[in-house]
Amino acid sequence: MLLMDKLLRKGSTTTEGHYNPMYMHLAHPWLLEGAIRGNFRCIMTLIGEYYFDHAELNRNADVLIDYWGKIAHNANSRLPNLALNGLKDRLVRTCVICSKTDTNTSTLKQCIGCSFHCYCSETCQTTHWKDRKHRNECKQLRILNKYHKPYFNEIRDAVIRGDKEIPSLEKLRYKLGLTRPLEDYQELIDYNTHDGKLINPKDYVVAREDGTVWVGSFPSSPIGT
């Protein structure tokens, strides 16, 4: 609970109830904790107040918006499908970087990891992966698809029952980096800096290059591998 205490002391929300952008990277892991347990409000906040409104263009989050939109719809079928189906249809017909489309002599290639974005060339793919950090969200999507999606109902039902031990949940938390030791991200909490440099918090709400979160939540887990 140390990190949560830090969040409360720093005032992670404004008087209007919105998350303070200065510390949004600190609130993010707690929203993710709620989302992976099936909390609809946490899912909607991740989509609306983080991935839609606050993520920088060079910290692309379209794939995560699509993933959590589908999860939200599956959890509550009375709601419209929040996945980016329309956006995806548009994106798969154009290069995400230069907007080129399929021609008789050139066919766009989909990202192997997410099958969401398309590229007309290796140059555009490299720009998207490295400069716009698609690698980060793409790898987090792989983690979610492997360790969350197949176990979503199992985890949510176990949480509702109040089960104290949920192996699939702990495995997922470990893979997402939520259980990383506090010293790994203490600087981000205390000073809003990374490697001694002041950060833009918006750059720290998607994922690191390996798909794990920048800031953890509970730095402990029975899972070691």
Side-chain angles (χ1 to χ4, degrees), residues 3 24-40 42-47 50-52 54-56 58-75 82-84 88 91 96 110-117 125 128-130 132-159 165-182 184-185 188 194 202-225:
L3 180 53
M24 61 186 303
H25 60 297
L26 303 185
H28 173 260
W30 298 97
L31 290 170
L32 190 57
E33 286 276 13
I36 61 178
R37 288 168 169 80
N39 183 286
F40 184 74
C42 288
I43 293 174
M44 294 305 297
T45 301
L46 273 180
I47 293 174
Y50 278 66
Y51 299 148
F52 258 134
H54 289 150
E56 292 288 309
N58 65 346
R59 303 288 293 184
N60 194 283
D62 288 340
V63 169
L64 295 179
I65 293 171
D66 185 68
Y67 177 84
W68 287 112
K70 291 174 180 175
I71 292 293
H73 178 68
N74 291 338
L82 300 174
L84 301 182
K88 183 175 181 180
L91 288 173
V96 68
Q110 282 187 316
C111 173
I112 296 175
C114 65
S115 298
F116 193 92
H117 293 291
Q125 182 178 16
H128 196 223
W129 268 69
K130 292 186 177 181
R132 299 203 180 177
K133 310 299 183 183
H134 176 62
R135 178 205 313 268
N136 306 31
E137 70 152 353
C138 194
K139 289 196 174 183
Q140 185 166 108
L141 177 69
R142 295 184 196 182
I143 295 172
L144 292 169
N145 277 331
K146 184 174 181 179
Y147 297 102
H148 179 248
K149 186 176 179 180
Y151 306 102
F152 172 73
N153 291 330
E154 173 187 314
I155 292 173
R156 181 188 58 184
D157 293 346
V159 170
E165 296 183 4
I166 311 174
S168 55
L169 174 61
E170 290 306 319
K171 187 73 171 181
L172 170 63
R173 295 183 64 244
Y174 177 82
K175 292 296 184 179
L176 286 171
L178 290 165
T179 62
R180 288 166 52 217
L182 184 62
D184 282 4
Y185 47 88
L188 285 168
H194 183 223
K202 295 180 180 181
D203 287 339
Y204 290 77
V205 298
V206 178
R208 302 190 299 169
E209 286 192 358
D210 62 356
T212 61
V213 294
W214 284 96
V215 176
S217 52
F218 293 104
S220 62
S221 172
I223 302 293
T225 57

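Remember, predicted model here, so these are calculated numbers, not experimental data.
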Exercise. Report yes if some heavy atom in the side chain of Leu46 is under 4.5 Å from a heavy atom in the side chain of Leu64; otherwise report no.
Key: no
Practice problem: Rounded to the nearest 0.5 Å, what's the gap from CH2 on Trp30 to CG on Leu178? Could you check? | Solution: 9.0 Å
Quiz item: Hey, does the side chain of Tyr204 reach the backbone of Val215 with a donor-acceptor pair shorter than 3.5 angstrom?
Solution: no
Self-check item: Non-hydrogen atoms of Val205 and Lys202 that approach each other most closely
Solution: CG2-O, 3.4 Å
Self-check item: Closest non-hydrogen atom pair, Cys138 against Cys114
Solution: SG-N, 3.7 Å
Quiz prompt | Student check: side-chain heavy atoms of Val206 and His28 closer than 4.5 Å | solution = no
Quiz item: Is any side-chain heavy atom of Trp68 less than 4.5 Å from a side-chain heavy atom of Leu144?
Solution: yes
Quiz item: So, do Gln140 and Tyr67 sit near enough that their side-chain heavy atoms are less than 4.5 Å apart?
Solution: no
Quiz item: Counting N and O atoms only, with roles assigned by atom type, does the side chain of Asn74 sit under 3.5 Å from a partner on the main chain of Lys70, one being a donor and the other an acceptor?
Solution: yes
Quiz item: Between Asn145 and Arg142, is any side-chain donor less than 3.5 angstrom from a side-chain acceptor?
Solution: no
Quiz prompt | Distance (rounded to the nearest 0.5 Å) between Tyr174 OH and Thr212 OG1 | solution = 10.5 Å
Quiz item: Quick check: are there more than 12 heavy atoms from other residues, nucleotides or ligands sitting under 6.0 Å from OH of Tyr151?
Solution: no
Quiz item: So, do Tyr50 and Leu31 sit near enough that their side-chain heavy atoms are less than 4.5 Å apart?
Solution: yes
Self-check item: Atom of Ala72, atom of Met44 and distance for their closest heavy-atom approach
Solution: CB-SD, 4.5 Å
Self-check item: Non-hydrogen side-chain atoms of His194 and Asp203 separated by less than 4.5 Å
Solution: no
Quiz item: Is the side chain of Arg173 donor-acceptor paired with the backbone N or O of Ile36 at a distance under 3.5 Å, no angle test?
Solution: no
Quiz item: Hey, would you say the His117 and Trp129 ring centroids sit under 6.0 Å apart?
Solution: no
Quiz item: If you round to the nearest 0.5 Å, how far is CZ of Arg135 from CG of Asp210?
Solution: 10.5 Å
Quiz prompt | Side-chain heavy atoms of Trp214 within contact of His25, under 4.5 Å | solution = no
Quiz prompt | Rounded distance [0.5 Å steps], CD1 in Ile43 versus NE2 in His73 | solution = 13.0 Å
Quiz item: So His128 and His134, would you call those rings parallel, tilted or perpendicular, with 30° and 60° as cut-offs?
Solution: parallel
Quiz item: Hey, does Glu137 have a side-chain heavy atom less than 4.5 Å from the side chain of Tyr51?
Solution: no
Practice problem: Determine the minimum heavy-atom distance between Arg180 and Val213, stating which atoms define it. | Solution: NH1-O, 2.7 Å
Practice problem: Calculate, to the nearest 0.5 Å, the distance between atoms CG and OG belonging to Leu182 and Ser217 respectively. | Solution: 11.0 Å
Quiz item: Between atom CG of Leu169 and atom CD of Glu33, what is the distance when rounded to the nearest 0.5 Å?
Solution: 7.0 Å
